[in-house]
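Below, read A as the first sequence line, B as the second, and so on, with proteins coming before strands; counting in each chain starts at 1.
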Protein chains: 2
Amino acid sequence: MRKDLKMKMNLQGYKLTQQRKMVLDAFKNRTDHYTAWEIYEILRKKRTNISLATVYRSLDILTEMGFLNRVDIPESPSRYEFVGEDGSAKGHHHHLICLGCGKVIDFESDLMPVIQKLQSELEKKYNFVITNHHIRFEGYCEDCAKKLKLKS
Amino acid sequence: MRKDLKMKMNLQGYKLTQQRKMVLDAFKNRTDHYTAWEIYEILRKKRTNISLATVYRSLDILTEMGFLNRVDIPESPSRYEFVGEDGSAKGHHHHLICLGCGKVIDFESDLMPVIQKLQSELEKKYNFVITNHHIRFEGYCEDCAKKLKLKS
DNA sequence: CTTAATGCAAAGGCTTTGCAGCTAC
DNA sequence: GTAGCTGCAAAGCCTTTGCATTAAG
């Protein structure tokens, strides 16, 4: 498994460094979505040495490798979620995002077949190479809604 | 119509200034999606005087008023699209986004009923106040795909 | 008149980069 | 050994903000 990981990275011309291992490991046994800064803090609390720049660089590469997935959040730093070392351990899902605090909640849906169909129609119609899609809901979580005095 | 606009803004405690009018007008008779900087340039070419800071502030307010809609683009400045002065002249649609150049293409879909249902389920399940959603496809337009030598 | 909006320049937040020294392979 | 990686600090990019001046209602 570790061997496997190394092999995959080497195949892409990347080295499996201590830092990259640490960043990827930080996601294991965690189910949430983390910013670069949060990963940096998690690792520092473990008394490991890593720079924020390296966290950014590692997140990039691990995302490119398909081990992580980046979630872009309006007016808030990007967050990353663990996908799996085999590229698809975590099932397909979508996101519910709090515009107040940046919290991300995963949810499942059965829209895949419709979306797939739509995707291939769009690729043809607009000559696009589509690499991914998302269905996303945005709003305010209970706490943030209270703070803003929004009626739920 | 102009009167109407002024009234709406005053009701929200906003003044209808020359600059805000100019920014909103820049979207009329245009169908594309523009960054703050692009709007700034469009207005400067017309020999009008406006600062970039004011463009940002105006885009914010006009979006809050519902006249514009902001489209967040990964690793690229936000773009704005015209909705209408009555708040909904432009029909509901979704976006196909080029990760190479930031280009945005609108498309229609008939997913609304499914999405509405999903939204109210999510609001209940997670105690969220959901304010909006999007269905979005990302990838590369013909030109950018060529540059990156992606096979379409 | 009085409150809010503008312009300018400066600062802010997140992210990337240049470069000398250091590791993985 | 040597290509690629790291840490550090500096820079970059988009966006926001403080403040004196100006304009809207």
Does a side-chain N-to-carboxylate-O contact under 4.0 Å join B:Asp72 and B:Arg70?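 Yes.
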Salt-bridge present (B:Lys28, B:Glu85; N to O < 4.0 Å):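 B:Glu85 and B:Lys28: salt-bridged.
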Once you round it to whole Å, what is the distance between [atom2] of [N] and [atom1] of [X]?
{"X": "B:Tyr40", "N": "D:dC14", "atom1": "OH", "atom2": "P", "result": "14 Å"}
{"X": "A:Leu11", "N": "C:dA24", "atom1": "CG", "atom2": "C1'", "result": "16 Å"}
{"X": "B:Lys21", "N": "C:dA5", "atom1": "NZ", "atom2": "P", "result": "15 Å"}
{"X": "A:Leu52", "N": "C:dT15", "atom1": "CG", "atom2": "P", "result": "9 Å"}
{"X": "A:Tyr56", "N": "D:dG7", "atom1": "OH", "atom2": "C1'", "result": "16 Å"}
{"X": "A:Met65", "N": "D:dC5", "atom1": "CE", "atom2": "C1'", "result": "16 Å"}
{"X": "A:Glu75", "N": "C:dT15", "atom1": "CD", "atom2": "P", "result": "14 Å"}
{"X": "B:Asp72", "N": "C:dC14", "atom1": "CG", "atom2": "P", "result": "15 Å"}

Between B:His94 and A:His133, is the ring centroid distance below 6.0 Å?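 No - the distance between ring centres of B:His94 and A:His133 does not fall below the 6.0 Å cut-off.
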For nucleotides 19-25 of chain D, list the nitrogen or oxygen atoms of the protein found under 3.5 Å from its nitrogen or oxygen atoms, one pair per line.
unit_1: D:dA24; atom_1: N3; unit_2: B:Lys15; atom_2: NZ; d: 3.3
unit_1: D:dG25; atom_1: OP1; unit_2: B:Leu16; atom_2: N; d: 3.4

Do B:Tyr14 and B:Glu64 get their side chains close enough for a donor-acceptor pair, meaning under 3.5 Å?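 Short answer, yes.
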If you compare every side-chain N and O of B:Arg20 against the phosphate oxygens of C:dT6 (OP1, OP2), does one of them come in below 4.0 Å?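 B:Arg20 to C:dT6 OP1/OP2: side-chain N or O found under 4.0 Å.
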Base, sugar-phosphate or nothing for A:Ser78? Non-hydrogen atoms, less than 4.0 Å.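 Answer is sugar-phosphate: A:Ser78 comes under 4.0 Å of backbone atoms only.
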Is A:Arg79 reaching over with its side chain to a backbone N or O of A:Gly102, donor-acceptor style, under 3.5 angstrom?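 Looks like yes, one N/O pair under 3.5 Å.
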Aromatic plane relationship, A:Trp37 with A:Tyr40 - under 30° parallel, 30 to 60° tilted, over 60° perpendicular: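 Geometry flag for A:Trp37 against A:Tyr40: tilted rings.
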For the pair B:His95 and B:His33, name the ring-plane relationship: parallel under 30°, tilted 30 to 60°, perpendicular over 60°.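 Correct class here is perpendicular.
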Choosing from C:dT6, D:dT6, D:dC14, which nucleotide comes nearest the side chain of A:Thr54?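 Of the candidates, D:dT6 comes closest.
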